Each structure stands twice: as C-alpha cells, then as structure tokens.
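One structure is given here, and the rest of the page talks about it.
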Amino acid sequence: MSMSFLPIWIVDVVGSILMIVFSLLCIRLTLLLKRRDPENVVWTYLLWVCYGLTCFAVSRSAGHLLKQLLHMKGFEDIWLTVQPYSGAINTLMFVVVAAITLFFQRTWTIYQGIVRDQNALHKTHHELLYLNRNLEELVQERTQELTVSEKKYRRIFEASRDMILVTGTDGKILDLNPAGREMLKCCQRETDILNRYFASFFSDDTQWKRLLNEIESMGFVMSVEADLKRLDGAIMKSLISAGLSRGAIPGEDTIHFLVKDIEQRRLMEQQMAQADKLASIGELSSGIAHEINNPLGIILGYTQLLRRNESPNTERHNDLVTIEKHVRSCKTIVEDLLNFARSSPPKKEFTDLHAIIDDVIAFIHQHAGADHVEIIRDYSPDIPPALVDKEKIRQVLINLIMNARYAVGEQGNITLATGLDVQGDHIVLTVSDTGHGIDPDDISRIFDPFFTTKPTGEGTGLGLSVSYGIIKNHGGEIAVDSTPEKGTVFRVLLPVVSENHRISE
Ligand code: ADP
C-alpha cells in the first residue's frame, strides 16, 4: 500500500508544482508577445486565459499539496473538512477561465468589426489621398487656365481705345480702364476711382437716370448718345452701350459699360458740313459777285460825277450822297463775296507774324480811329517765322480785330497774344476782347456765311466765314470761346513749319 501510494504522492506533488511553473511560464511568454504587439487582441486574450489558468493551477495545486501534507501528518479528517472548499475554489477558478473565454469571444467579434472598420478607413484614406492629389492637379490646371484667360481679358481691358467701365447698380465705379481714365481726365491712380460715381460725369443728370432706368428694365442699352463732363470741365459727346451682369461678383450685380468718344467725329462732321456749305455758297456768290461788281462800279462812278456838279447841301446833292453811301456798302459786300469765293491757294512765305499784327493795328488806328479802345500786345518771343500768305492773314486779323472793336463798343480792351501750344507744333494767335460776348445760341452759327447780328448795312456776315476758309487753307484751326457780357476769345492755330522743310521743298 505504501509502495503504491508513494509514486502517486510524488506524481501529485510534482505535477502540482509543474502546473504552477508552466502556467507562470505561459504568462511570461504571453507577456512577451503582448509587449511586442500591444494592440493584438489575441495576445490579450491569451494573457487573460493564462491568468485564469494560473489562478486555477495555484488553487488546484495548493489543494493537492495540502491534501498530501495532511495525509502525511495523519490529519485526513481535516482534509475531509477542507476538501469541499478546495473543490469549490477550483470550480470557481475554472468558471473564471470559461468566463474569460466567453467574454473574449464577444470582444473578438467587436475587435474584428473594429479591424474591418480600420481597413475600410485605411482604404478610404488611400482613396482620399489619391483624390486629393488629383484634385490638386485639377485645381492647378484650372488656375493656370484661369490665369491665361484673366491675362487675355486684362489685355483687352488695358489696351482698348474705348472706355471700359464696371460699376455697381448704384453707378459706383468699381473698375475703369486706362482709356477711360484718359477720356474722363481723372483717376490717374487706381485708388482715385474709389468712391466715385459714374453719374457725376454726366453733364445732364436726367440722361444718367434715363440710362440707368433702361438698363434696369431691359438689362442692357445700345449706342445711347450722352454728354459726359470730364474732370477738366470739357464736355465730350459719347456713345454708351451697357449690360447688367447678375452675380459676376458674388452677392453683387454690376453694370459693364463700353463708352466711345464721338466728340472728334462730331467735330469733323461739323467741319465737313461747314466746308460743304462754304463751297456751295462760294460757287454761287462768285457768279453773282462778278455780274454785280461792274454795274456797281459804273453806278458809283456816275453818282460821283453827278454829285460833283451839284452844289453842297442841296436836296439833289444829299440824295446823291445817300446813293453813293449805299452803293459803297453794296460794293463792300460784293468785295467780301469775291474774297470769300476766291479759293486760290495761298502764296505762302516765311513771315514774322508780329510784324503783320503791328501792321494791321497801325492800319486800324489810321482808318478806324480806335482811340477809345486799348489794344494790348502780348507777344511771345519764342514763336518761329510762320509759313503764311501775308495778305490773307492780314485780312483775317482785320476781320477779328474789327469784330472785337464792334463788340467792345465805347470802352474796353483788345488783347493780341502769340505763343506756342503745349506740343510745340502750332503757333497760337489769340484775339481776346472785353466786349458783349456771343449769345450761346449764336455761337455755332458765327462761322456761317451771311450770319450777322449787326444792323443792315453794318455787317455782311462774311468776315468770319472768309477767315475760317483762309485758316483752313493754311492747315490751321480757328475756334471761339465766349462768355456773354464778359468777352470773347478767338484762337487761331497755325502749323509750325521748320525752315529746313522749305529748303528740302
Ligand atoms: P459781320 O462782322 O459782318 O457780322 P462776321 O462773320 O465777321 O460778320 O461775324 C459774324 C457774327 O459773329 C457777328 O455779327 C457777331 O454777332 C459775331 N461776332 C464775331 N466776332 C465777335 C466778337 N469779338 N464779339 C462778339 N460777337 C462777335
């Protein structure tokens, strides 16, 4: 009995000790695995199972060791008392191990879900990266296209000879191209346009309101004529087209204007009409003047003959003086007409303009007696000799100064000034007076042949039209500026021709 008991006892004790040692080794091994891969749920599961098994091994081995010890010491009855407790602890430990396994089965399912989600996230992350890279390339491509397009339209905006203007719907200027700045003579710096309204450049406020109403109701306007007022005060005829753009700037409607300066065209049309008028009247008048000139000369000759035979202060003598006076007046008109019609090319030579002016002033003092009117000379020493027909320029000056004398009346000044224009390619000759000025309604007609405001017998209305033709034949310009009750300024521009030009000719 003791022979067969001894090996079982040894087996039981050694087995119990080995069970504890193995389960501790298992813990150590799983701890190592877990440290290497802390996220791995399998190692976590194994570790907890090992903890459970170790507890079970410790409780079971402790029970068996105690049992052997009590048997050896002969306390079997104590063991009989302890045995159910030891068995219960063993069962409890085993339940713990089973619970861990059950618990981990659930954790495993969750873990697998997490892993699946993680993989899906990973995949999405990669897809996003790819899309992002694609998107970046796409954005770069689009930005490049936009830059090219922006540059192209900027160039049109910058290089356009017409004004391109962008405003808000209230007319506040948002953008204005260089041609527009030049046209309006304003906003030379970008910041100058801030807080400016297009309406302020309209000489007539109702024109702007009508334009804006039409744009708002129709969405656009085409080639509307309007008078724009530049910053230097000059009025410019313009042709305006515009369109309403909704949402070009987020949250803001804008109006895009295209403005053409038609002032030059209008002036040219006026000048052409004037030239046509002059040409046809010239033809007509030269025919009539030639026919009338000779009979008038004969009438004047006979009248003078008859008058000489009459004693002064008789009724017949006075009648003949009246006839002579009126025939002379007719002759003046006829001579003016002949001058007007004579379109012979000017005989130009290099002449000192100041000498011609002095000559004309002396002539007027002699023949017209200008004691009550002061004639002021304001000559510029810089003007070069002008290539002109002396006689014709004399005629122009006589016309202008006689008109000025008439306008000044009893008291006032006439100033004759010379100089060069800003570019230096024209001699500017101005005749200004402090006379009654020209009515604004008449100003557009004063160069028309036969337009006169003087009483019958005092004016023929040909002086300025003749002067206009002469200056045009010299390649020059004549313009007027007048303020009623203040005075009038006539500006004559004659081209500067260098003496070398004459030599090369
Ligand atoms: P005329 O002197 O025979 O009337 P002009 O052609 O020389 O003809 O002038 C036409 C008109 O222009 C004048 O009748 C006058 O009304 C106006 N005018 C010309 N010069 C002046 C001036 N310096 N001041 C005011 N009015 C002028």
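We count ligands from 1, going down the list as the structure has it; atoms in each ligand are counted the same way. This chain uses plain numbering: 1 for the first residue, then up along the sequence. Model, not experiment: these values are computed from the prediction.
- Every residue two or more places apart in sequence or in another chain that forms a side chain to side chain donor-acceptor pair (under 3.5 Å) with Ser482 is listed here: Thr488.
- With sequence neighbours left out, Lys325 forms a side chain to side chain donor-acceptor pair (under 3.5 Å) with no residue at all.
- The salt bridge (charged side-chain N to carboxylate O under 4.0 Å, His left out) check on Asp425 picks up nothing, with sequence neighbours excluded.
- Taking a heavy-atom cut-off of under 4.0 Å, ligand 1 is surrounded by Asn403, Ala404, Ala407, Asp433, His436, Gly437, Ile438, Ile446, Phe451, Thr452, Thr453, Lys454, Gly459, Thr460, Gly461, Leu462, Gly463, Leu464, Thr488, Phe490.
- Taking the centre and axis of the six-membered ring of Tyr406, the NZ or CZ atom of Lys454 falls inside the cone set by 45° and 6.0 Å.
- Between Asn399 and Ser467, the side chains place a donor N or O and an acceptor N or O closer than 3.5 Å (distance only, hydrogens not considered).
- Note: Phe447 and Tyr468 have tilted aromatic rings, judged against thresholds of 30 and 60 degrees for the angle between ring planes.
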